[in-house]
Amino acid sequence: MALEAIQTVTQAEAKAKADREAAAAQTKQRLAEAQREAKQIVEQARQQAREEARQMMAQAEEKAAQATKAELEQAGQDCETLKRNARGRLEEAAQLIVGRVVER
């Protein structure tokens, strides 16, 4: 009977050891899978951030181009207004110059 008890204890200890080793191996495998998944998630987040940054830059460049175009159009209109005003006064300026030259 003592021999049977020793064998039962030995078997129980061997089973417990095997269960611990299996649990440790399973834990290592789960950890490796979790790390692999975490790396994938991080890479996906980085890729998404790069794409969002690219889109934001494209939008900013488009807005800047539109603002530049609007400013150039406004400057062109201002120049045309100044030219029209100058042409309108050209005759008056010529008369003023002629008047001063004749007075001498």
Side-chain angles (χ1 to χ4, degrees):
M1 183 161 191
L3 186 59
E4 286 178 19
I6 292 173
Q7 287 177 344
T8 303
V9 170
T10 304
Q11 288 174 352
E13 287 176 349
K15 184 177 181 323
K17 181 180 178 182
D19 289 346
R20 280 193 307 271
E21 289 174 354
Q26 189 177 23
T27 301
K28 284 182 183 179
Q29 183 180 0
R30 286 183 181 172
L31 178 61
E33 289 174 4
Q35 288 174 337
R36 195 169 34 255
E37 288 177 14
K39 285 180 183 179
Q40 284 179 329
I41 291 170
V42 167
E43 183 55 36
Q44 287 172 349
R46 285 181 179 158
Q47 182 65 26
Q48 184 178 0
R50 283 191 291 263
E51 181 62 24
E52 288 176 5
R54 187 194 63 75
Q55 289 175 355
M56 289 170 60
M57 287 296 293
Q59 290 173 353
E61 288 174 355
E62 179 64 27
K63 286 181 182 179
Q66 290 174 354
T68 300
K69 181 179 178 183
E71 287 295 323
L72 288 173
E73 287 176 0
Q74 184 61 47
Q77 290 173 0
D78 292 347
C79 286
E80 286 302 317
T81 301
L82 290 172
K83 285 180 187 178
R84 278 195 303 275
N85 289 342
R87 286 185 187 124
R89 294 181 184 169
L90 187 61
E91 183 65 30
E92 182 181 332
Q95 291 297 328
L96 182 65
I97 292 170
V98 169
R100 287 188 179 175
V101 168
V102 171
E103 287 178 5
R104 288 185 172 200

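If you read the sequence from its start, that first residue is 1, and numbering goes on from there. Hydrogens, waters and symmetry mates play no part in the numbers below; they use all other heavy atoms, side chains included.
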Begin with the C-alpha distance, continue with both residues' side-chain angles, and end with the deciding distance and a verdict on side-chain hydrogen bond (donor to acceptor under 3.5 Å, both in side chains) for Gln55 and Glu51.
-> CA-CA 6 Å; Gln55 289 175 355; Glu51 181 62 24; 3.2 Å; yes
Glu52 and Gln48: CA distance, side-chain angles, deciding distance, side-chain hydrogen bond (donor to acceptor under 3.5 Å, both in side chains) verdict | CA-CA 6 Å; Glu52 288 176 5; Gln48 184 178 0; 3.2 Å; yes
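With hydrogens and angles left out, the side-chain atoms of Glu73 and Gln77 include no donor and acceptor closer than 3.5 Å. When only modelled atom types and interatomic distance are considered, Gln40 and Gln44 share no side-chain donor-acceptor pair under 3.5 Å.
Here the CZ-CG distance, from Arg36 to Leu31, works out to 10.5 Å after rounding to the nearest 0.5 Å. Separation of atoms CD (Glu62) and CD (Gln66) is listed at 4.5 Å; rounding is to 0.5 Å. Atoms CD1 and CD, on Ile6 and Glu13 in that order, are 11.0 Å from each other to the nearest 0.5 Å. Once rounded to the nearest 0.5 Å, the distance linking CD of Glu43 with CD of Gln47 reads 6.5 Å. Rounding to the nearest 0.5 angstrom, the gap separating the CZ atom in Arg87 from the CG atom in Leu82 is 11.0 Å. The distance from the CG atom of Leu90 to the CG atom of Asn85 is 12.5 Å, given to the nearest 0.5 Å.
Inter-residue side-chain proximity for Gln95 and Glu91 is flagged as met; some heavy-atom pair is nearer than 4.5 Å.
Salt bridge status for Glu33 with Arg30: absent, with no side-chain N to carboxylate O gap under 4.0 Å. For the pair Glu61 and Arg54, the salt-bridge criterion is not met [side-chain N within less than 4.0 Å of a carboxylate O].
Atom CD of Glu92 has 12 or fewer heavy atoms from other residues, nucleotides or ligands within 6.0 Å.
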